[in-house]
*Asks:* 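One structure, as structure tokens, below. Some questions next.
Whatever order the structure lists ligands and atoms in, that order sets their numbers, starting from 1.
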Amino acid sequence: MAMRQFKAESKKLLDLMINSIYTNREIFLRELISNASDACDKRYFKSLTDTSIGITKDDLHIHIQPDKENRTLTISDNGVGMTKEELEKNLGTIARSGSLDFKTENQSDNIDIIGQFGVGFYSAFMVAGKVTVISRAQGEDTAWKWESKGVEGYTLTETERDEVGTDVILVLKEDTDNENYSEYLDEYTLAGLVKKYSDYIRFPITMYREKSRQKPKPEDAGDDYKPEYETYTELETLNSMVPIWKRNKSEVKEEDYNEFYKSKFMDYSDPLRVITSRTEGTATYTALLFIPGRTPYDYYTKEYEKGLALYASGVMIMEKCADLLPDYFSFVKGVVDSEDLSLNISRETLQKDSQLRLMRNSLEKKIKNELHAMLVNDREKYETFWKAFGRQIKFGIYGDYGMHKDLLADLLLFFSAKEQKYVTLDEYIEKMPEGQKCIYYAAGDDTDRLGKLPNAQLVLSKGYDLLLCTEDVDEFCLQMMRDYKEKEFKNINSGDLGLETEEEKKAAEETATENKDLFEEIKKALNGKIKDVKVNPTLQEHPVTLSSEGGISMEMEKILRKMPNGEDVESTKVLELNPAHPVFAALKAAHEAGDTEKVGRYAELLYDQALLIAGLPLEDPVAYAQLVCGLMS
Ligand code: ADP
Ligand code: MG
């Protein structure tokens, strides 16, 4: 009998699989049971359209059979089975999923199939030295035997099997000093593993269990009769089959929820928060939701699909129902089960379903409240959440013309320059000293740099706090909100901060009038780059700064320019000069000496410096370098 090789890539993968993908080898059982469950689902699904199959949901089951003598563990099902070709295709190629094919071919959301990656089966080799699969496919008379000891390859031979279905027979590896494989022959261990990983599988998972009972007392037993015991075996169903979300919260351990989350939503870390919700009345449903602990790798891409699994009375009707979640909560995973939905509802009618809309609104409130509760009661966890998904909440405020800002505003966190930690807007407002009218913020890409901006230091020197906004969306979000609890948001580079004293203001006005000609000359030299030149008496040791007027800040200009069709976006810039700085005196001297060329060079230099300080790109770095060199030589 010829040995068939695994497909080339499969060999490497198989080796990797067995040795490293799964850190926890006991999950092999979960994988094999999930495959068996998928097979049962497929057979049931086929029977819906093909009455000759003559099977009902209650006929389908999965059976586990340990055999200590032969060191084998067999997982059997009377699911759809595999033909010779399917055995070859599905088990001869790693990372190929027959289940995914089945789903695509049948284009149905009515099948709740677990498999889709095509690697689970091979986890069997973590515990088995040899794996035999005997399978008879629906509609076939003969069965086929697939056998493999791992990387070398596999054999396929014809055989017999009474019923349609599949047996996966594992010959467990020998125990070593460090490794105990025999435990997978132990009924108690197996029952525990099924409970742990496969409790919500909707087909019964049965196993014969050895039990002990008292023998009946013989009629003629004397006074000195001592009870005798006998062992017997009994077929037991190991899984409760009741979906975890249908169970009482008090009966379910946190661990069970976590395990459910990880296996159902393909995450390797525990969720940050589990939300259970059961409502009656306008929207009757049971929901089990999870806030993931980390950002999915594709979360901020088009590939990410939001949605909750939707069940009607325990039967899945849609794997990812997008309509149940608003975009700003698209990170939420979970299951919603409602008795008010009909089984054969289509995607189109679902969108218009008023029941669904009620559920969506109710879920939105629930999620919001849970997030806020986390913010109040478990700040550390909330900050983890915020780092993973805060950006999405900000997009939510910015999106839909600010329609959701009232719902989301109190979930916001920003980094405080004064406290060097994240604060909510309420916390910011609570700590505002008397006289402070606005919520100040600085936008740019680096908190350290932002804190050193001339105007940042001015704001901080007044005892006011400053929000350091380092994400692209931040300023758009704040501008959309405009204010929070009647406190206006103010970019520290938006010109008139209103922080100078009356005297300073007056002196500045005088300086401006005195230097009207000089300012005109600077403006001319900068040739349209700035709208105006102003005197800023609060700059302290800085010679110059740039501010912007109108709705588009310099930071927004930078972000928008990177976007398609954003090349022309421009903020209206104002060059602000420090009248007390020696540089100002130098400018003045050049102007008085009638050296227009020098005034022009200085103006260019100062403008470029102001851009650098603001973290904005220089328009012409070469020209700037030449100007600086010109000063030195
Ligand atoms: P996945 O379950 O992610 O598709 P697996 O490696 O677990 O990947 O299984 C590969 C394929 O083998 C499955 O998609 C399915 O087509 C087939 N298969 C595995 N076990 C069985 C089984 N017990 N009955 C029928 N088909 C099975
Ligand atoms: Mg699988």
*Asks:* Taking N, O or S atoms only and a limit of 2.8 Å, check whether Asn35 reaches the Mg ion (ligand 2).
*Replies:* yes

*Asks:* Under a 4.0 Å threshold between the charged nitrogen and the carboxylate oxygen, would Asp175 count as salt-bridged to Arg71?
*Replies:*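 Salt bridge flag = yes for Asp175 with Arg71.
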
*Asks:* For Lys149, does the NZ atom sit with more than 12 other heavy atoms under 6.0 Å from it, leaving out its own atoms?
*Replies:* no

*Asks:* Examine the side chains of His63 and Ser76 and answer whether a donor and an acceptor come within less than 3.5 Å of each other.
*Replies:* no

*Asks:* Classify the ring geometry of Tyr154 against Trp146: parallel below 30°, tilted from 30° to 60°, perpendicular beyond 60°.
*Replies:*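 Parallel, since the angle between the ring planes stays under 30°.
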
*Asks:* What about Met82: any of its N or O atoms under 3.5 Å from an N or O on ligand 1?
*Replies:* no

*Asks:* Side chain, backbone, both or neither: which applies to Leu91 and ligand 1 if a contact is any heavy-atom pair less than 4.0 Å apart?
*Replies:*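 Side chain only.
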
*Asks:* Using non-hydrogen atoms of the residue, decide whether Glu31 is closer than 4.0 angstrom to ligand 1.
*Replies:*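 No.
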
*Asks:* Considering only heavy atoms of Ala39, which atoms of ligand 1 have at least one such atom less than 4.0 Å away?
*Replies:* 24 (N), 25 (C)

*Asks:* Any heavy atom of Lys42 closer to ligand 1 than 4.0 angstrom?
*Replies:* yes

*Asks:* Looking at Arg209 and Glu234, does any basic side-chain N land under 4.0 Å from a carboxylate oxygen?
*Replies:* no

*Asks:* Given Asp38, Asp77, Ile75, identify the one with the heavy atom nearest to atom 22 (C) of ligand 1.
*Replies:*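 The nearest heavy atom belongs to Asp77.
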
*Asks:* Cut-off 3.5 Å, no hydrogens considered: what does the side-chain donor-acceptor table look like for residues 271-278, sequence neighbours left out?
*Replies:*
unit_1, atom_1, unit_2, atom_2, d
Arg273, NE, Glu370, OE1, 2.9
Arg273, NH2, Glu370, OE1, 3.2
Arg278, NH2, Trp245, O, 3.2
Arg278, NH2, Arg247, O, 3.2

